[in-house]
Number of protein chains: 2
Amino acid sequence: MSGPKADSSTVNIDRLFHALGDPTRRAMLDRLALGPLSVSNMANPLGITLTAVMQHMQILEECGLAHTEKVGRVRTCRIASAGLDALDQWVRSHRTQLERQLDRLAELLAEDDSAE
Amino acid sequence: MSGPKADSSTVNIDRLFHALGDPTRRAMLDRLALGPLSVSNMANPLGITLTAVMQHMQILEECGLAHTEKVGRVRTCRIASAGLDALDQWVRSHRTQLERQLDRLAELLAEDDSAE
DNA sequence: AGTATTGTCAAGTGGCTACTTCACTATTTT
DNA sequence: AAAATAGTGAAGTAGCCACTTGACAATACT
């Protein structure tokens, strides 16, 4: 049922941003950051159905933000690192690009100043 | 018309993730990373209407990822740093939380091993 | 002045998404 | 075995979102 276990290089950045765009899912991740939880234990404090939690977990799992495992009749949810790793990489690369651009802008402004 | 200029502490993280979740908007940012562009010059290579570009720019501006300014009849679009700054902060804080949790998990596993 | 260029407003459309309900399965507990 | 617990699957619904069209406004070119 669960898709291919995403590692940080496999993660679809599109789905990743989409996954993190939902406040309920971020709340779930925050809860999971304190420790593993069953589906029911995730559902109760959030005030949503088990089904909804399952749907969110599938999305989180798909992009390496969480991982679930079923033992007996209970499915345990944990956070995973691949998702944040991928996000971190994305941010880093785009930040350096941004800084390069701002530097260039500063240079241009400096040239303009000296030309006046 | 444009909302309050978001600085990195003001940015709504919800809207930020939502903004970055769209591939067209990320493509726009990538183009802008190479230098400022007019609305038309953004629209042409993307194959969408001027109106669509405007709508995207409003979203990017709202969360500090870009900035636009109109001079004469031409509106010039540039990237901004506040958005990525905010995102970076979010990633950092959530990563340390995640690592704490993984460390704790490792400890528990170590205890289990020594108990057997 | 007249025309082309560049952008803006308002309204509509199709598709996606979060969430629900309800019927059902699988595992424990008693 | 019967009853309770924990989760799963399918299908529906309401709301949001990306994008368009078409009418209009403002600025620049000749």
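Proteins get letters first, then strands, A, B, ... in listed order; numbering begins at 1 in each. What you are looking at is a predicted structure, and each value in this text was computed from that prediction instead of being measured.
The interatomic distance linking B:N44 (CG) with C:dT5 (P) rounds to 13 Å, in whole Å. Per the geometry, CG belonging to A:L37 stands 15 Å off C1' belonging to D:dA6, to the nearest Å. One interatomic measurement links the two molecules: CG of A:D14 to C1' of D:dA18, which rounds to 13 Å at whole-angstrom precision. Summarising the geometry, the separation between CE on B:M54 and C1' on D:dC24 is reported as 15 Å, rounded to the nearest angstrom. The CD atom of A:Q58 sits 13 Å away from the P atom of C:dT17 (whole-angstrom rounding). Distance, A:M28 CE to C:dC19 C1': 13 Å, rounded to whole Å. The CE atom of B:M42 sits 15 Å away from the P atom of D:dA18 (whole-angstrom rounding). Note: CD (B:E62) to P (D:dA18) measures 11 Å, nearest angstrom.
Remark on DNA chain C: of its neighbouring residues A:H56 and A:G72, the 5'-side contact belongs to A:H56, judged by nearest-heavy-atom nucleotide. Between A:D22 and A:V74, the residue whose closest nucleotide on DNA chain C is further toward the 5' end is A:D22.
Note on B:K70: a side-chain N or O is less than 4.0 Å away from OP1 or OP2 of C:dT8. Neither OP1 nor OP2 of C:dC16 sits under 4.0 Å from any side-chain N or O of B:H18. For A:R15, a side-chain nitrogen or oxygen approaches OP1 or OP2 of C:dT17 to under 4.0 Å. Residue A:T49 places at least one side-chain N or O closer than 4.0 Å to OP1 or OP2 of C:dT20. Remark: B:R25 is not in phosphate contact with D:dC19, judged by side-chain N or O atoms under 4.0 Å from OP1 or OP2.
You'll find that the side chain of A:L50 is closest to D:dT8, out of D:dA18, D:dG22, D:dT8. Checking C:dT17, C:dC19, D:dA18 against the side-chain heavy atoms of B:I59 singles out D:dA18 as nearest.
In summary, the side chains of B:D22 and A:H18 do not present any donor paired with an acceptor at a separation below 3.5 Å, with no hydrogens or angles considered. With hydrogens and angles left out, the side-chain atoms of B:R25 and B:H56 include a donor and acceptor closer than 3.5 Å.
Classification of the B:W90-B:F17 ring pair by plane angle, with boundaries at 30° and 60°, yields perpendicular.
Using a 4.0 Å heavy-atom cutoff across all strands shown, B:I48 reaches sugar-phosphate atoms only and no base atom. Among the protein residues, A:T24 comes within range of the sugar-phosphate backbone only, with heavy atoms under 4.0 Å from sugar or phosphate atoms but none that close to a base. Within the 4.0 angstrom heavy-atom criterion, no nucleotide atom of any strand lies near B:L46.
Nearest heavy atom pair, residue B:L102 against residue A:S81, reads CD1-CB, 4.3 Å.
Judged by distance alone with a 3.5 Å cut-off, no donor-acceptor contact links the side chain of A:Q55 to the base of D:dT8. A donor N or O paired with an acceptor N or O is not found under 3.5 Å between the base of C:dT6 and the side-chain atoms of B:R73.
Applying the 6.0 Å contact sphere to CZ of A:R31 captures no more than 12 heavy atoms from other residues, nucleotides or ligands.
With respect to the salt-bridge test (charged N to carboxylate O, under 4.0 angstrom), the residues A:R15 and A:E62 qualify.
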